[in-house]
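On a predicted model such as this, the values are computed, not experimentally measured, just so you know. Reminder, nothing fancy here: chain letters follow the sequence lines and each chain counts from 1.
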Amino acid sequence: MRYTVPTPTSVDELLQRANRLTGQSFAQLAKIANLHMPNDLKKDKGWVGMMLEQHLGASAGSKPLQDFPDLGVELKTLPVDEQGQPLETTFVCVAPLLNTSGLNWLNSNVRNKLSCVLWLPIDGRRAVPLAKRVVGQPFLWRPTNEQEQALQSDWEEHMDRIALGEVESITARQGEFLQIRPKAADGSALTEAVGPNGQMIQVRPRGFYLKKTFTRAILEQVFNAV
DNA sequence: CCGTGATCATAC
DNA sequence: GTATGATCACGG
């Protein structure tokens, strides 16, 4: 039997539910959800995120939508170290490589996903057994105008390259806060893109990721507000 | 294969 | 030490 929670009908309800997870260990939460507790995340990289989705009643599925479409809220776990600093970049969504002419920042998937995020900091310390790690203090975040402009600038730079057939020349070093990196099941995954001479080429699918400097600033803004 | 959830692990 | 490029699992 699968553990299901009804999808929250308000942001307040979602926040209350998220707050109740604070301090709970992954072992406790796995038991409640009737989930197998892996020893590590080597072969279960998305385990924590999916478990927490279940606890919060996120709509299942892999649609390119927010986790709580009716509330306009996206859920993101953020693994942090002992000092509360992000341990990983944050995946946002797949990067469109084809038919990009009608796309702009305002209708982009990146903006939609990041317009309102329920961040769930989690203990990401590898030295701590997975079962003993705990959920941190969740918080709801909307980008400031400044943050959104920075993201838009990066997004436009990346999309220009893609539109010009330069996807293969994009590296993760580009973009101040938003980077593009491969995103695939393995090296055999291929998708179509525009090549340097406007022809179709096959490339590894790409995804948008937030660099750690960006999520670190969000954490500081929220927890170290002076 | 695509998009969801991400972390792994090696090159730097 | 850490970021980049690679990879893992799953539902559809």
Which part of the nucleic acid, if any, lies within reach of [X] when heavy atoms closer than 4.0 Å are counted: base, sugar-phosphate only, or nothing?
X	value
A:T90	nothing
A:G46	base
A:L190	sugar-phosphate
A:Q85	nothing
A:S188	sugar-phosphate
A:A172	sugar-phosphate

Within less than 4.0 Å of OP1 or OP2 of [N], is there a side-chain N or O belonging to [X]?
X	N	result
A:Q179	C:dA3	no
A:R126	B:dC8	yes
A:T77	B:dA6	yes
A:T191	B:dC2	yes

Is [Y] close to [X] at the side-chain level, that is, under 4.5 Å between some pair of heavy atoms?
X	Y	result
A:T89	A:F214	no
A:T215	A:W119	yes
A:V11	A:L118	no
A:Q147	A:W141	yes

Output the single nucleotide from [options] whose closest atom is nearest the side chain of [X].
X	options	result
A:K42	B:dT4, B:dA9, C:dG5	B:dA9
A:R204	C:dA6, B:dG5, B:dA9	C:dA6
A:K43	C:dC8, B:dA6, B:dC8	C:dC8
A:K183	B:dA6, B:dG3, C:dA6	B:dA6
A:R173	C:dC8, B:dA6, C:dG5	C:dG5
A:A184	C:dG5, C:dT7, C:dC8	C:dT7

Check your understanding: Do A:K63 side-chain and B:dT4 base share a donor-acceptor contact under 3.5 Å?
Key -> no
Tell me the interatomic distance from [X], atom [atom1], to [N], atom [atom2], rounded to whole angstroms.
X	N	atom1	atom2	result
A:L65	C:dG11	CG	P	19 Å
A:F208	B:dC2	CZ	P	16 Å
A:E53	C:dA9	CD	P	18 Å
A:M50	C:dA9	CE	P	12 Å
A:K113	B:dA6	NZ	C1'	12 Å
A:W47	C:dA9	CH2	C1'	14 Å
A:E88	B:dC8	CD	P	6 Å
A:F91	B:dC2	CZ	C1'	10 Å

- Query: So A:F208 and A:H158, would you call those rings parallel, tilted or perpendicular, with 30° and 60° as cut-offs?
  - Reply: tilted
Q.
Under a plain distance cut-off of 3.5 Å, with no hydrogens placed, do A:S188 and A:D186 share a side-chain donor-acceptor pair?
A. yes
Result for 5'-nearest mapping on DNA chain B, choosing between A:C93 and A:I122, is A:C93
Result for 5'-nearest mapping on DNA chain B, choosing between A:A185 and A:Y209, is A:A185
#### Entry: Pairing of A:E88 and A:R126 as salt bridge, 4.0 angstrom limit
yes
